[in-house]
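For reference, the structure is listed below as structure tokens.
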Amino acid sequence: DAAPFSYLNAIEEPSGYSVSLCHTIGLGLEAFLGMEKLNIEFVPVTAADRFEAITNGKIDLLCGATTVTLSRREKVDFSIPTFVDGAGVMFHKDGPSSFDQLAGRNVGVRANTTTEVSLTNTLKKLEIEAEIISVTDHEKALEMIESRQLDAYFADRAILMYLIAGRQVTNLTISPENFTIEPYALAMARGDSDFRLAVDRALSQIYRSGVIVKIFRQSFGNVEPSQSVQVLYMISALPN
């Protein structure tokens, strides 16, 4: 449910930025291996079971909005970066707009994410007593904040912006600042250096060739990539 990165569209097909990247990588692997046809199967996973799906061999490549962390690298490997985002907060225009104003409030966050960990640690550090409510998906969180069951919702900014734009919401807004830095990449099983190299080679080609511009526009519309994302594309376009 992590639109615009990885989600099911109106006709229940896997769609989004990360899904398009993985599909294009599949075509690159097909050409590199000299295969006539490489069958690509998209398998649904959740935020809770996505890394287990890699370690038990259910999936080969995780095509979602996945932040790279050192603790996660103890379990799985990651490709070169695919995106960089940051956690933001969505709230009613007449609601709390800073951490100081969250005391005694209901604050939503997606379960099993780096944003959940960061939010918990930040509130504890600032000694702010707020009720953290874990939600199972972003659309549900939007419904909860619109109905005032939540006073604020923390998630990656790109996802929050897509939620508001998709529903044409006018009574909600997003904080201008990033509360975290979230470098995204594609996760895969540890120890398969040949596969990781093949994925990185395909990604580098996507960046070098300019195909990434088409994928970005298909996923984000007329929004221009941030300066951080543009720099990421430049430094990740590794030479052969």
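Note that the structure is a prediction, hence the values are computed from the model and not measured. The first residue of the sequence shown is numbered 1, and numbering continues consecutively from there. The figures that follow rest on heavy atoms only: side chains count, while hydrogens, waters and symmetry mates do not.
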Please check: side-chain N/O of [X] versus main-chain N/O of [Y], any donor-acceptor pairing under 3.5 Å?
{"X": "Glu116", "Y": "Asn112", "answer": "yes"}
{"X": "Ser228", "Y": "Ser226", "answer": "no"}
{"X": "Arg105", "Y": "Glu131", "answer": "no"}
{"X": "Asp151", "Y": "Asn106", "answer": "yes"}
{"X": "Ser6", "Y": "Ala2", "answer": "no"}
{"X": "Asp200", "Y": "Ile80", "answer": "yes"}

Would a 4.5 Å heavy-atom cut-off, applied to side chains only, mark [X] and [Y] as touching?
{"X": "Thr120", "Y": "Ile132", "answer": "yes"}
{"X": "Tyr7", "Y": "Ser15", "answer": "yes"}
{"X": "Ile164", "Y": "Ile174", "answer": "yes"}
{"X": "Leu21", "Y": "Val19", "answer": "no"}
{"X": "Arg208", "Y": "Asn240", "answer": "yes"}
{"X": "Leu102", "Y": "Phe154", "answer": "yes"}

Taking side chain to side chain donor-acceptor pair (under 3.5 Å) as the definition, give me every residue that meets it alongside Thr46, ordered by chain and number, with sequence neighbours left out.
Asp49
Enumerate donor-acceptor pairs with a distance under 3.5 Å from any side-chain N or O in residues 60-69 to protein atoms, sequence neighbours excluded.
| from | atom 1 | to | atom 2 | distance (Å) |
| --- | --- | --- | --- | --- |
| Thr67 | OG1 | Glu182 | OE1 | 2.7 |
| Thr69 | OG1 | Ser71 | OG | 3.2 |
| Thr69 | OG1 | Arg72 | N | 3.0 |

Verdict with supporting geometry, Leu150 and Ile133, side chain to side chain contact (heavy atoms under 4.5 Å, CB included)
CA-CA 8 Å; Leu150 292 176; Ile133 298 177; 3.8 Å; yes
Inspect the contact between Asp77 and Arg196 and indicate whether a charged nitrogen and a carboxylate oxygen are less than 4.0 angstrom apart.
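Yes, charged N to carboxylate O under 4.0 Å.
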With side chain to side chain contact (heavy atoms under 4.5 Å, CB included) as the test, would you mind laying out the steps for Arg73 and Leu70 before giving the verdict?
CA-CA 5 Å; Arg73 284 179 58 186; Leu70 293 175; 4.0 Å; yes
Name all residues meeting the salt bridge (charged side-chain N to carboxylate O under 4.0 Å, His left out) criterion together with [X]; count only those two or more places apart in sequence or in a different chain, and write none if there are none.
{"X": "Arg201", "value": "none"}
{"X": "Arg50", "value": "none"}
{"X": "Asp1", "value": "Arg110"}
{"X": "Glu139", "value": "Arg167"}

Please list all pairs meeting disulfide (SG to SG under 2.5 Å) that have one or both residues in residues 139-222, counting only residues at least two apart or in different chains.
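Sorted result for residues 139-222: empty, none.
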Can you run down the disulfide (SG to SG under 2.5 Å) pairs that involve residues 167-240, sequence neighbours left out, and say none if there aren't any?
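The answer is none; no pair qualifies.
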How long is the straight-line distance from [atom2] of [Y] back to [atom1] of [X], given to the nearest 0.5 Å?
{"X": "Leu163", "Y": "Glu143", "atom1": "CG", "atom2": "CD", "answer": "10.5 Å"}
{"X": "Ile215", "Y": "Ile212", "atom1": "CD1", "atom2": "CD1", "answer": "5.0 Å"}
{"X": "Lys214", "Y": "Ser209", "atom1": "NZ", "atom2": "OG", "answer": "10.5 Å"}
{"X": "Arg157", "Y": "Met161", "atom1": "CZ", "atom2": "CE", "answer": "6.0 Å"}
{"X": "Leu186", "Y": "Ser18", "atom1": "CG", "atom2": "OG", "answer": "6.5 Å"}
{"X": "Leu160", "Y": "Asp156", "atom1": "CG", "atom2": "CG", "answer": "7.5 Å"}

Same cluster for [X] and [Y] if Ile/Leu/Val/Met/Phe/Trp/Tyr side chains link at under 4.5 Å?
{"X": "Ile181", "Y": "Phe78", "answer": "no"}
{"X": "Met35", "Y": "Val199", "answer": "yes"}
{"X": "Leu126", "Y": "Val117", "answer": "no"}
{"X": "Phe195", "Y": "Val76", "answer": "no"}
{"X": "Leu172", "Y": "Ile159", "answer": "yes"}

Less than 3.5 Å apart, any donor N or O on the side chain of Tyr153 or His138 sitting next to an acceptor on the other?
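There is such a pair (donor and acceptor under 3.5 Å, judged by atom type) between the side chains of Tyr153 and His138.
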Over all heavy atoms of both residues, which pair between [X] and [Y] is shortest? Give the atoms and the distance, please.
{"X": "Ala141", "Y": "Val135", "answer": "CB-CG2, 4.0 Å"}
{"X": "Glu12", "Y": "Leu8", "answer": "OE1-CD1, 3.5 Å"}
{"X": "Phe42", "Y": "Cys22", "answer": "CE2-CB, 4.4 Å"}
{"X": "Ser219", "Y": "Pro4", "answer": "O-CB, 3.6 Å"}

Residues forming a ring pair (Phe, Tyr, Trp, His ring centres under 6.0 Å) with Phe51, sequence neighbours excluded:
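Checked Phe51 against ring pair (Phe, Tyr, Trp, His ring centres under 6.0 Å); zero matches.
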Do Lys140 and Leu142 pass the side chain to side chain contact (heavy atoms under 4.5 Å, CB included) test, and can you show the C-alpha distance, the side-chain angles, and the key distance before you say yes or no?
CA-CA 5 Å; Lys140 177 64 176 178; Leu142 182 60; over 6 Å; no
Which side-chain N or O atoms in residues 23-30 pair as donor and acceptor under 3.5 Å with protein atoms at least two apart or in another chain?
| from | atom 1 | to | atom 2 | distance (Å) |
| --- | --- | --- | --- | --- |
| Thr24 | OG1 | Ser20 | O | 2.8 |
| Glu30 | OE1 | Leu38 | N | 2.8 |

Step-by-step side chain to side chain contact (heavy atoms under 4.5 Å, CB included) determination, Leu203 to Ser236:
CA-CA 8 Å; Leu203 274 173; Ser236 297; over 6 Å; no
Distance-only donor-acceptor pairs under 3.5 Å for side chains of residues 86-95, two or more places apart:
| from | atom 1 | to | atom 2 | distance (Å) |
| --- | --- | --- | --- | --- |
| His92 | NE2 | Ile145 | O | 2.5 |
| Lys93 | NZ | Thr170 | O | 2.9 |
| Asp94 | OD1 | Arg148 | NH1 | 3.4 |
| Asp94 | OD1 | Arg148 | NH2 | 3.4 |
| Asp94 | OD2 | Arg148 | NH2 | 3.4 |

Selection residues 208-240 - residue pairs positive for ring pair (Phe, Tyr, Trp, His ring centres under 6.0 Å), sequence neighbours left out:
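Every ring pair (Phe, Tyr, Trp, His ring centres under 6.0 Å) pair that includes a residue of residues 208-240, provided the two are not neighbours, is Phe5-Phe220, Tyr17-Phe220, Phe83-Phe220, Tyr207-Tyr233, Phe216-Phe220.
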